Amino acid sequence: MLKLTGIVGMASDVDLGGTLHDLAHEDRVETIVLDRRDMLRKRLRTVTDKGTDCAIALPRATTLEDGAVLLLEADRAIVIRASVETWLHLKPEDAAAALELGYHAGNLHWRVAFHGSLLAVALEGPRKDYLARLDAFLADGRITLVND
Amino acid sequence: MGSGKTALLERLIPSFTDRGTSLAVITNDLVTREDAERLQRSGLIEPRRVVAVEAGACPHTVIREDPTLNLDAAERLEMRFHPLDLVLLESGGDNLASTFSPELVDYWIFVIDVSGGGDIPRKRGPGVLQADLLVINKADLAPHVGVDLAAMTREARDVRRGRPVIVTNCRTGEAVDDVVDHIVRNVLFDG
Ligand SMILES: Nc1nc2c(ncn2[C@@H]2O[C@H](COP(=O)(O)OP(=O)(O)OP(=O)(O)O)[C@@H](O)[C@H]2O)c(=O)[nH]1
Ligand SMILES: [Mg+2]
């Protein structure tokens, strides 16, 4: 188990970038892919893409983010990557449907983004679970699914 | 409510004490201090290591949107009993929609019980889906309430897509060791 106790820099930092680039060429950069929820953690047992068992223990005030470098050694680096998010795009039929949908999404504690007249819902679980909650809305056409 | 959270604490406390883990407990009761007092009287733990945070009418807020009260309580415990290895926090007035802020907890165990019905996993509440560990308690009651425990467990594993599920009986302590192992590995980073 490798204990990682802080962020040593960001992959985008100029002075780290070069070193990381060299390590990457030798296939010595390991990544830990985290979803948004896990990104909020301060303490986490996880494995890198190369199978290294890691125990992350950060100070309370430190927050992980995409590109955070947790280890930088002469022959190895470990970098955090955010997993790609998928969203459901919903188009309400009219203002009344939009109000209802907004209330519904809030009730379910869904994470949303507003894209003009569309409501985008972040999928933090199986897509079909979200669709099931929207069944009534979809069935009578109050909302439609927009392909992305 | 009543799935066995305090009963699980009563089982966990002696296990961690035996391991030499320095421990404290926070309970979130609605308006009473019932759970805290029950633990303080239990003789399992030094009473001062148990504190109650009264959640008032809004039990979800103190564990999710605004965990300040709980964070304060944890900090005070840490100051008084430094160094603490582990703080166990019981939420009050839980329901299937409860979630914990990752700001507050490093590890989240969701306790449901067999008598609540075999279809709970199928309802896919956020606790069932997202908790780090799902505990299905009161295994002993399955035959009495007509629940197919094997099917319920299978479904829970299914919807949780690889996240762990443990079936316990907190009356007898069955499988509580497995819960301890998960905490030891994922929180205490031991083993
Ligand atoms: N048969 C059986 N009863 C249990 C088990 N675990 C707990 N109980 C009983 O279930 C009841 C509720 O247990 P608690 O531990 O108080 O439940 P809780 O989740 O803390 O309840 P609240 O804090 O009120 O939400 C008590 O009467 C326990 O004795 C179990 O594994 N089997
Ligand atoms: Mg209780």
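Chain letters run A, B, ... following the sequence lines, proteins first, then strands; residues in each count from 1. Since the structure is predicted, the reported quantities are computational estimates derived from the model, not experimental observations.
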Is A:Leu58 in contact with chain B via its backbone, its side chain, both, or neither, using a 4.5 Å heavy-atom distance?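 Nothing of A:Leu58, per the 4.5 Å heavy-atom cut-off to chain B.
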Supply the atom-to-atom distance [X] [atom1] to [Y] [atom2], rounded to the nearest 0.5 angstrom.
{"X": "B:Tyr107", "Y": "A:Leu44", "atom1": "OH", "atom2": "CG", "value": "11.0 Å"}
{"X": "A:Asp35", "Y": "B:Gln130", "atom1": "CG", "atom2": "CD", "value": "9.0 Å"}
{"X": "B:Leu104", "Y": "A:Leu40", "atom1": "CG", "atom2": "CG", "value": "13.0 Å"}
{"X": "B:Phe189", "Y": "A:Asp53", "atom1": "CZ", "atom2": "CG", "value": "9.5 Å"}

According to a 4.5 Å side-chain heavy-atom criterion applied to Ile, Leu, Val, Met, Phe, Trp and Tyr, with indirect links allowed, do [X] and [Y] form part of one hydrophobic cluster?
{"X": "A:Val69", "Y": "A:Leu64", "value": "no"}
{"X": "B:Ile45", "Y": "B:Val184", "value": "yes"}
{"X": "A:Ile78", "Y": "A:Val47", "value": "no"}
{"X": "A:Leu145", "Y": "A:Tyr130", "value": "yes"}
{"X": "B:Leu44", "Y": "B:Val180", "value": "yes"}

Presence of salt bridge, B:Asp132 and A:Arg45, under 4.0 angstrom: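 Salt bridge flag = no for B:Asp132 with A:Arg45.
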Side chain / backbone / both / neither for B:Val187 at chain A, heavy atoms under 4.5 Å: both
Give, as side chain, backbone, both or neither, the part of B:Arg161 having an atom under 4.5 angstrom from any heavy atom of chain A. side chain
Tell me whether A:Arg133 at atom CZ has more than 12 heavy atoms from other residues, nucleotides or ligands lying less than 6.0 Å away. no
Please determine whether the number of non-hydrogen atoms from other residues, nucleotides or ligands lying under 6.0 Å from atom CD of B:Glu34 exceeds 12. no
Does A:Asp129 form a salt bridge (Lys or Arg N to Asp or Glu O under 4.0 Å) with B:Lys123? I'd like the steps, not just the answer. CA-CA 10 Å; A:Asp129 291 355; B:Lys123 292 180 184 160; over 6 Å; no
Highest number of heavy-atom pairs under 4.5 Å with chain B: which of A:Lys3, A:Met1, A:Arg37?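 Looking at each option in turn, the highest pair count goes to A:Arg37.
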For chain A, which of B:Asn186, B:Val159, B:Leu129 has the most heavy-atom pairs under 4.5 Å? B:Asn186
Heavy-atom donor-acceptor pair, A:Arg41 side chain to B:Pro102 backbone, under 3.5 Å: no
